[in-house]
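Quick notes on the structure that follows.
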Amino acid sequence: AGDRGAALTDCAAPHTSSARCTDAQPHACRHRRAVRGAACAHVCELLAYCVRAHAYRMKYFVLRHNVAGRVVTCLESAVEVGDKPLQLAALRFVRACVGAKDDFYARYLVKNGSLAPVLKLLSSDVQVSTNSRLQPGDSLVTSAVAELAEFVRSENVKGLVAHLVEQHAGALSRSATHRPLLEGLETRHAQNRDLVARAGRSATDDVGSEVQRERRARICLLYTSDA
């Protein structure tokens with residue numbers, strides 16, 4: 001466990017060594033950064049596979065070592081230096097957690113605020129040159145984030161639907177490209193709330209009906225005894 005924790009700590013800070021680089025060694029600095037980033041990307045890929053393949057054991061490991069928090073920190077470091085492969089690898093881990101459709105992972109991601117840096121990519125990855133055929137927000141990174149949010153909507157992962165609408169609507173509304181996605185999430189959230197309200201009213205009606213049935217039964221029993 002100690003070795004695994006050390007590996008995850010290294011993954012959480014993939015580019016810290018770049019702070020010690022000087023102008024006299026730019027090539028060595030870039031080389032170390034590339035090697036460390038590639039290693040951390042492989043770690044993220046392995047973690048994503050483990051989430052899919054080892055459901056029960058991986059939950060304990062993720063919780064004990066705060067894996068999502070470390071991977072998200074790794075994602076933020078990758079954004080700072082523009083390491084797109086590492087960003088995508090970290091997103092694949094988050095996507096694997098969401099794709100499990102497990103309440104444990106949903107609560108864990110919400111509690112640790114792991115989705116905020118992910119959704120921030122929708123607004124941060126808009127640096128597109130004027131000569132490019134891409135539109136702002138049209139890239140592998142933003143497409144991966146949008147696909148994650150669309151999966152949450154289409155599969156109705158209720159805890160994450162509510163979290164995205166109530167806490168991250170601003171991040172989804174900054175780009176016109178992703179406003180339809182936000183509208184879909186808001187519609188799904190409203191449907192979920194309506195179902196909960198209906199279930200509550202139905203339960204109240206059932207209780208009332210049961211009380212009325214018991215009252216009628218007691219009245220009938222009383223009349224039968226008098227007769």
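Numbers here simply count residues along the sequence, with the first being 1.
In this structure, the side chain of Asn112 engages the main chain of Tyr108 through a donor-acceptor pair within 3.5 Å. Side chain of Arg179 to main chain of Ser173: a donor-acceptor pair is present (N/O by atom type, distance under 3.5 Å, no hydrogens or angles).
Taken to the nearest 0.5 Å, the CD atom of Glu76 stands 7.0 Å off from the NZ atom of Lys120. Atom NZ in Lys84 sits 11.0 Å away from atom CG in Leu91 (nearest 0.5 Å). To the nearest 0.5 Å, the span separating CG on Leu148 from CG on Leu115 amounts to 7.0 Å. Interatomic distance, SG of Cys74 versus CD of Gln87, reported as 10.0 Å (0.5 Å rounding). Here Cys50 contributes atom SG and Phe93 contributes atom CZ; the two are 9.5 Å apart, rounded to the nearest 0.5 Å. Going from atom OG1 of Thr142 over to atom NE2 of His178 covers 5.0 Å, rounded to the nearest 0.5 Å.
Clustering ILVMFWY residues whenever any of their side-chain heavy atoms sit less than 4.5 angstrom apart, transitively, puts Leu109 in the very cluster that holds Phe104. Hydrophobic clustering (ILVMFWY, side-chain heavy atoms < 4.5 Å, transitive): Val110 and Leu63 are in one cluster. Note on Val165: it does not cluster hydrophobically with Val196, by side-chain heavy-atom contacts below 4.5 Å among ILVMFWY residues. Transitive grouping of hydrophobic side chains (ILVMFWY, heavy atoms separated by less than 4.5 Å) keeps Leu46 and Val71 in distinct clusters. Each of Leu86 and Tyr49 belongs to its own hydrophobic cluster when Ile, Leu, Val, Met, Phe, Trp and Tyr are linked at side-chain heavy-atom distances under 4.5 angstrom.
Considering Arg153, His163, Glu166 as possible partners of His189, the one that fulfils the side chain to side chain donor-acceptor pair (under 3.5 Å) test is Glu166.
Within 6.0 Å of the NE2 atom in His54, the count of heavy atoms belonging to other residues, nucleotides or ligands exceeds 12.
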Practice prompt. Could you give me the CA-CA distance, side-chain angles and deciding distance for Leu75 and Leu121, then say whether side chain to side chain contact (heavy atoms under 4.5 Å, CB included) is met?
Written response: CA-CA 10 Å; Leu75 171 64; Leu121 294 173; 4.1 Å; yes
Worksheet item: Please walk me through it: do Arg52 and Met58 pass side chain to side chain contact (heavy atoms under 4.5 Å, CB included)?
Response: CA-CA 9 Å; Arg52 293 190 296 268; Met58 194 58 185; over 6 Å; no
Discussion item. If you apply the rule salt bridge (charged side-chain N to carboxylate O under 4.0 Å, His left out), what do you find for Arg95 with Glu147, and how did you get there?
Written reply: CA-CA 9 Å; Arg95 176 63 173 78; Glu147 189 278 332; 2.8 Å; yes
Worksheet item: Where do Leu47 and Val51 land on the side chain to side chain contact (heavy atoms under 4.5 Å, CB included) test, with the steps shown first?
Response: CA-CA 6 Å; Leu47 291 170; Val51 168; 5.6 Å; no
Discussion item. Apply side chain to side chain contact (heavy atoms under 4.5 Å, CB included) to residues Leu119 and Leu164 and explain how you reach the verdict.
Written reply: CA-CA 9 Å; Leu119 294 170; Leu164 291 179; 3.4 Å; yes
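Within the 4.5 Å cutoff, the side chain of Leu195 has no heavy atoms near those of the Gln191 side chain.
For Lys59, the salt bridge (charged side-chain N to carboxylate O under 4.0 Å, His left out) criterion is met by Asp102, not counting sequence neighbours.
Here the shortest heavy-atom pairing between Ala41 and Ala89 reads O-CB, 3.7 Å. Considering every non-hydrogen atom in both Leu88 and Ala144, the closest pair reads CD2-CB, 4.4 Å. Taking all atoms of both residues into account, the shortest heavy-atom contact from Val72 to Ser114 is CG2-O, 3.6 Å. Contact detail for Asp83 and Gly37: the closest heavy-atom pair is OD2-CA, 3.9 Å. The two atoms that bring Ala149 and Leu185 nearest to each other are O-CD2, 4.0 Å, heavy atoms only. In terms of heavy-atom proximity, Leu181 sits nearest to Ala146 at CD2-O, 3.7 Å.
Classified by interplanar angle (parallel below 30°, tilted 30° to 60°, perpendicular above 60°), the ring pair Phe61/His65 is tilted.
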